[in-house]
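Scroll down for the structure; my scribbles are underneath it.
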Amino acid sequence: PVRAALQQERLGRYLWVAGRSDEALRAYHEAVDLMPEEPASAELARVLAARAQILMLRGYPVESRDLCLRAIDVAREAGARAEEGHALNTMGTMQLLGGDLAGAAKLEDSIALARRAGLEVDVARGYGNLAWAALRNRMYAAADEALAAGLGHCTEPNLDLWRLYLQGFQSRSLLDQ
């Protein structure tokens with residue numbers, strides 16, 4: 001069941017990227033349903049955090065928050081720092097989007113965890129979400145700081161997509177100001 005759950009989680013990611021968000025949501029739901037609840041594991045934390053992320057992106061903040069809290073608890077119990085960082089990223093983004101400035105600290109923590117784990121894409125995701133949420137709240141100085149750090153990070157070819165994403169937010173910031 002663990003392997004099947006992880007395959008569903010990956011399928012959800014591919015469907016999301018392909019723009020098939022309803023199918024992606026179902027795949028993430030299936031991944032959580034397939035994953036054994038015990039013992040606490042990095043894999044369980046991963047599918048919980050992934051489902052929380054898509055719920056955030058689809059506009060279900062309460063459901064996403066609940067899954068983030070569960071994913072963080074499972075990740076900490078399992079010693080799964082990367083998965084903890086992923087859930088902290090989603091939680092911090094939701095908080096900051098909602099105007100709760102404590103979300104920025106969670107995003108910074110997620111970036112630090114990703115950096116220590118060598119997860120370059122998750123570092124870029126952290127900067128992207130920090131910039132996005134700051135821009136949505138018209139916190140231009142914070143957004144520009146996150147954008148500068150993120151663009152400085154995204155210099156390798158495997159981060160081209162994230163660099164373009166951050167450049168788009170940079171343009172948005174300049175237009176808004």
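Keep in mind that this is a model prediction, so the values were computed, not measured.
Between the side chains of Ser173 and Gln177, a donor-acceptor pair is found at a separation under 3.5 Å. Side chains of Arg125 and Thr90: a donor on one and an acceptor on the other come within 3.5 Å. If you check the side chains of Asn129 and Asn89, you find a donor sitting under 3.5 Å from an acceptor.
The side-chain hydrogen bond (donor to acceptor under 3.5 Å, both in side chains) contacts involving residues 1-17 comprise Arg13-Gln53, where partners must be two or more places apart or lie in separate chains.
Residues Leu15 and Val32 do not share a hydrophobic cluster, defined by chaining ILVMFWY side chains whose heavy atoms lie under 4.5 Å apart. In terms of hydrophobic clustering, with Ile, Leu, Val, Met, Phe, Trp and Tyr side chains grouped at heavy-atom distances under 4.5 Å, Leu159 and Trp132 are assigned to a common cluster.
Counting heavy atoms from C-beta outward, Met56 and Cys68 have side chains that stay 4.5 Å or more apart. Using a 4.5 Å cut-off on side-chain heavy atoms (C-beta onward), Leu130 and Glu108 make contact. Counting heavy atoms from C-beta on, the side chains of Leu113 and His86 never come closer than 4.5 Å.
Remark: side-chain polar atoms of Asn137 are not paired, donor with acceptor, to backbone N or O of Met139 under 3.5 angstrom. With hydrogens and angles disregarded, no donor-acceptor distance shorter than 3.5 Å links the side chain of Arg46 to the backbone of Leu6.
The residues Arg70 and Glu37 are annotated as salt-bridged, a charged nitrogen and a carboxylate oxygen being separated by less than 4.0 angstrom.
Annotation for Glu84 and Ala75: closest pair N-CB, 3.5 Å, computed over non-hydrogen atoms.
The number of heavy atoms from other shown groups lying within 6.0 Å of CD (Gln170) is above 12.
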